[in-house]
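Please read these numbers as outputs of a predicted model, since none were measured by experiment.
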Amino acid sequence: MLITDPLKEILFTDNKALKYHAREYQGASVKENLPHPSSLPEAKNIIAKQHCSGCWINKSRTKYEYPGINKNLSETIKYFGRLIDIHLLKKDRPSIKTAAEYLFSTQTAGGDFRGILGNQYMPYYNGMIIEYLCKAGYGNDVRTIKALDWLLDNRQDDGGWTIPLLSVKGRGPSIWQAPPYPFEPHKKSSLNATGMTLRAFLFHEDYCEREEVLKAAELLKKRFFHADYYSWRKKPEYRLKFQFPFWWSNLLTSLDSLSLLGYSPEDPDIKEGLEWFTDNQLANGLWQTQYDKAGDKEQARWVALSVLKVFRRFSENQKKNL
């Protein structure tokens, strides 16, 4: 149980979308003086920036521009996720439909999505893409099913996932357009890749209880505070950097995933994770996200609302198990 209820600080926000979500969490009449997040100017601004192809264009310029890297894909995941998780849009909206078709256009014949790592496999971003497609209403689309099956077919022997490119030493620019580096199932999985990939299955009723999914969840549960085995976001401190909408795997996203899978708060690993949030709560009820800009509490408020939802869900799981 949390020592301080963060709802008062969360509701102090001027962000109408956040206030809507917080009121909904309370069970209040969210329609009372609160516009639906889909109608807010922020949502309209995101849609206005959408390219006719369905993607969002990444206009950043870096010193090195590698051929084969699709920066628009990561940009599209970001805005697609905001429209779904914050503004609650579904596939009946043209912007979601065209964005989904763009995402599907990056899918290979084998079933996986590619582009952010060039031609290399990227199961962790596949997890994010599939999660948002399922939330938007594309869970039963044959292309989504094919992507889910591809992930199940390309797990490590320990039950998790990794990014094969992490095992390539001395990789140069040519790697992005090279044939994909193969999976080596005998190697250990990546903690971050497993946490991100697992979320692909959580919002699909036919996959969320699969034996393979529960095995990956067990693996994730036992490594909340561990360093990763690979160089990518390796330090344990990365487990305590929070953001919303969720992106990288961390303690909060892991607990959120496990709460959705029905785990009990009495599980020793879960209990340890929840106690971290109890022990590290600030006086105002929020938490340090490590991504906050100076004086900007909005990200911390979104994170706090996610924490509240996780605690409530585990409490409900406990009651179901009685």
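Aromatic pair F183/W150: ring centres closer than 6.0 Å. Aromatic ring centres of Y181 and Y121: separated by at least 6.0 Å. In summary, the aromatic rings of Y79 and Y132 are positioned with their centroids too far apart to meet the 6.0 Å limit. When ring centroids are compared, W287 and F277 come within the 6.0 Å threshold.
Salt bridge status for E184 with K187: present, with a side-chain N to carboxylate O gap under 4.0 Å. By the 4.0 Å N-to-carboxylate-O rule, K221 lies close enough to D267 to be salt-bridged with it. Between D141 and R143 there is a salt bridge, with a side-chain nitrogen of the basic residue lying less than 4.0 Å from a carboxylate oxygen of the acidic one. Using a cutoff of 4.0 Å between basic side-chain nitrogens and carboxylate oxygens, R114 and D112 are scored as salt-bridged. A salt bridge links D256 with R199; the closest basic N to acidic carboxylate O contact falls under 4.0 Å. Checked for salt-bridge contact, E316 and R313 miss the test: no charged N lies under 4.0 Å from a carboxylate O.
A cation-pi arrangement, defined by a distance under 6.0 Å to the six-membered ring centre and an angle within 45 degrees of its axis, is absent between K309 and Y25.
Classified by interplanar angle (parallel below 30°, tilted 30° to 60°, perpendicular above 60°), the ring pair F201/Y207 is tilted.
A side-chain donor-acceptor contact under 3.5 Å links N58 and S60.
Within the 4.5 Å cutoff, the side chain of S105 has no heavy atoms near those of the E101 side chain.
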